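The structure appears right after this line, and notes come after that.
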There are 2 protein chains.
Amino acid sequence: MAKRALPLKRTNSRATSAEVAKLAGVSRTTVSLVLNDRGGELGISAETRARVADAAARLSYQPSHAARSLRRWRTNVIALLLYTLDSFYNAEIIGAAHAAALERGYSLNIMSAKFDEVQRRAYALLSGGVADGVIVAAPPADLAADLKKLADNGMPIVVMQHHSPDPAIQAVRVDLERGGYVATRHLIDLGHRRIAHIGSASQRLLKRRERSDGYARALQEAGIAADPHLVAMAEPSLAGGFSAMEELLAQDERPSAVFVYSDQMAIGALHALRKHGVRVPEAMAVIGFDGIALGGFVTPELTTVDYSRADIGRLAVEAVIGRLEGEAEPPPREQVLPVRLLVRESCGGARAAIDREGA
Amino acid sequence: MAKRALPLKRTNSRATSAEVAKLAGVSRTTVSLVLNDRGGELGISAETRARVADAAARLSYQPSHAARSLRRWRTNVIALLLYTLDSFYNAEIIGAAHAAALERGYSLNIMSAKFDEVQRRAYALLSGGVADGVIVAAPPADLAADLKKLADNGMPIVVMQHHSPDPAIQAVRVDLERGGYVATRHLIDLGHRRIAHIGSASQRLLKRRERSDGYARALQEAGIAADPHLVAMAEPSLAGGFSAMEELLAQDERPSAVFVYSDQMAIGALHALRKHGVRVPEAMAVIGFDGIALGGFVTPELTTVDYSRADIGRLAVEAVIGRLEGEAEPPPREQVLPVRLLVRESCGGARAAIDREGA
DNA sequence: ATTATTATCTAATACGATTTAGATAGAGGC
DNA sequence: GCCTCTATCTAAATCGTATTAGATAATAAT
């Protein structure tokens, strides 16, 4: 692991508040008060305030993050724990989260924790106080215990895109079950009866069955018997979607439509269909999930279940900050965002698009 | 900006080294020595070491990151500054960087600095000592001065995917000029003469002209006059590629091939071509740049200029750590990685693929 | 002239870990 | 019994900032 620390030496020549104090001819206390904007209320004269600000600027003083958070018990950092950086919707979530955090004076520390080792490290860092709160996307199952420990220690934790795994943990998520239902219902309304489903079979992530549940509910409601041969599970990736689709195509009696776990997998599935000469949407209708921008750029353009990635990022950040700044009423344990059908080309005719809104 | 800090209060009940010391019946010094694995060499008996380790485990002791880095002048964190999280190749770079960092006992703090405001914040954080070194991808022009200040203060800085903007800043980059040359040459070898180019016109990022330079060199070498009407610039995004392609299609005399700045833009361009009924590769050959996995899943599969994203991430991390741990010889200012042509479908016939290797 | 009040500023401490510079005790040499 | 040496451990100082609890001097009130 980590080698021995190198000889302790002050390498960089950053100015300290003491040096600012000396240059301005005041005490460290005054410097602290002025630079934290408490000079006015606490009776530091305007003239002194200006002198301190000037000295700080001249020395390009930047407070030491370590010293400040040691003293304040606050880092003003929110950690964003992601397990899949290649999810195409992450960028939007992160962008919105960033904006929301900034607005409240926080910054975001994105920790990608793909490997077990990184994950262990992330836990150590968090429990070492590297951030004030944590937002977790798609947590792996074995992290649940760690998260709970952090939450029990008073750290605000918000899970995105998943059910709250514990009463101490908030969740900001999308109505995935309804999404699965809406997608499948769309296919049924278009006249399909043999409707396949490609699901996510990630070993590591917490089970996410909601989409599949919605699929099953729509089938049942329409009086269509569930056929286990029409369900294929694979890793949630382009390649996973590809191989799951090939598996479905190997069936004796092929489906005429498929509801896919994510747009990413759906794009893999489209590729498999093209390779096997199956025309979309004529011979196979395909519907994805997530509404990523890329879906509008593939052939054919992907019909999908859309939701606001930006809302997820923003609400997650606001939930964490709300907890940190002690808002009056306890926050709701779960915030569930609506989904909406986004009809493009990959399912053919758009006649059912009108009243499938999930909001 | 940041509201006033809340009342100072010890909210979380993390154990401190003093509590571990008490439980183990030793001094804080001993705890520190033992937990930093210096107990052996400094004469702490095996029995005491075991007692301390046990006490630490029982209290689930985690050293305070703030206190430790305040004292050590080391955070063991490397910051990774990204300006575009939606670049599809970032995930691979980040994955490799993570692995390399972990191996040496460091962790990665990904800071997405899309907005100016975030960027200012990032600079403040870094200059406040939140990380020991920085890796910057695609730095905006206005950040160069900030980066230089950090570098002059002794912070190791490595730029990825770009020329080193300053002698104090290292670079790990790809031979983009050669990539542009190889791509264009491929099109020429396939018999094309009217070869268009879609470039990146990002206002904010540092100018990156290498790809275009390679394009120009290949044309000149083949005795083809450069035609400014065949060059379109746009934002480096799916939509940018789309609109640039439409612009090119509006020409009186259309090109027969196009070399696109990135795979992402190329996918946008493919979409424009399909929309306008231009068949690829028959009526228009398209070649991209980056070798992202997605390129193998679109219609038609995208021919591209590939390079190792993983090497970039790994080398960047190793460069930073090398500087931090004071390696003997000064590191090379630039490390330039090779590119290689990856022939798929979007340019038609593959006959020129053999000897265009860039390595 | 004394006391209270206000305006302005500061000395000293605390945060938690690491490190420097010893302290203590026992063993061995004489 | 005194001294040295080694093995084992520790007291105190330190990192840079924020905060608590005053200090000081000028002004106003009596």
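Keep in mind the model is a prediction, meaning the values are calculated, not measured. Throughout, a chain's letter reflects where its sequence line sits, starting with A, and its residues are numbered from 1.
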* To do: Would you mind reading off the bend of the helix from C:dA1-D:dT30 to C:dC30-D:dG1 from its two end axes, five pairs each, to 10 degrees?
  =>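 The end axes of the helix from C:dA1-D:dT30 to C:dC30-D:dG1 are about 70° apart, to the nearest 10°.
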Under 4.0 angstrom between [X] side-chain N/O and [N] OP1 or OP2:
X       : N      : result
B:Ser17 : C:dA17 : yes
A:Tyr61 : D:dT17 : yes
B:Ser32 : C:dT18 : yes

Just the atom pairs and distances: protein N or O near nucleotides 21-28 of chain D's N or O, under 3.5 Å.
none

With sequence neighbours excluded, residues passing side chain to side chain donor-acceptor pair (under 3.5 Å) with [X]:
X       : result
A:Gln62 : none
A:Glu92 : A:Arg309
A:Thr75 : A:Asp132
A:Ser64 : none

Specify the separation, in whole Å, of atom [atom1] of [X] and atom [atom2] of [N].
X       : N      : atom1 : atom2 : result
A:Arg74 : D:dT19 : CZ    : C1'   : 16 Å
A:Glu47 : C:dC9  : CD    : C1'   : 13 Å
A:Gln62 : D:dT17 : CD    : C1'   : 14 Å
B:Arg28 : D:dC15 : CZ    : C1'   : 14 Å
B:Leu35 : C:dT19 : CG    : C1'   : 15 Å
A:His65 : D:dA18 : NE2   : P     : 12 Å
A:Leu33 : D:dT20 : CG    : C1'   : 11 Å
A:Arg14 : D:dG16 : CZ    : P     : 8 Å

* Which heavy-atom pair separates A:Leu324 from A:Arg74 by the least distance, and what is that distance? -> O-NH2, 2.9 Å
* Between A:Val320 and A:Gly133, which heavy-atom pair has the shortest distance, and what is it? -> CG1-CA, 4.0 Å
With [X] via salt bridge (Lys or Arg N to Asp or Glu O under 4.0 Å) - residues at least two apart:
X        : result
B:Arg58  : B:Asp54
A:Arg314 : A:Asp311, A:Glu318
B:Arg28  : none
B:Arg173 : B:Glu334

* Contact nearer the 5' end of DNA chain D, comparing B:Leu70 with B:Thr30 ->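 Here B:Thr30 is the residue nearer the 5' end.
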* More 5' along DNA chain D: B:Ala67 or B:Ser27, using each one's nearest nucleotide? ->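 Going by which nucleotide is closer to the 5' end, it is B:Ser27.
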Listing time: all N or O pairs from protein to nucleotides 3-8 of chain D that are below 3.5 Å?
none

* With no hydrogens and no angle check, is any side-chain donor or acceptor of B:Glu103 less than 3.5 Å from a backbone partner on B:Ala100? ->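 It does not hold such a pair.
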* **Donor-acceptor pair present, B:Arg71 side chain and C:dT18 base, under 3.5 Å** =>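 Answer is yes: a donor-acceptor pair is held.
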* To do: Indicate, yes or no, whether a donor-acceptor pair under 3.5 Å links the base of D:dT17 to the side chain of A:Arg72.
  =>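 Side chain to base: no pair below 3.5 Å.
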* To do: Please work out if B:Val26 contacts a base, only the sugar-phosphate, or nothing of the nucleic acid, heavy-atom cut-off 4.0 Å.
  => sugar-phosphate
* To do: Enumerate the residue pairs fulfilling salt bridge (Lys or Arg N to Asp or Glu O under 4.0 Å) with a member in residues 158-172 of chain B, sequence neighbours excluded, ordered by first and then second residue.
  => B:Lys148-B:Asp166
* **Given D:dC15, C:dT18, D:dA18, the nucleotide with the shortest approach to the side chain of B:Trp73** =>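 Of the options given, the side chain of B:Trp73 lies nearest D:dC15.
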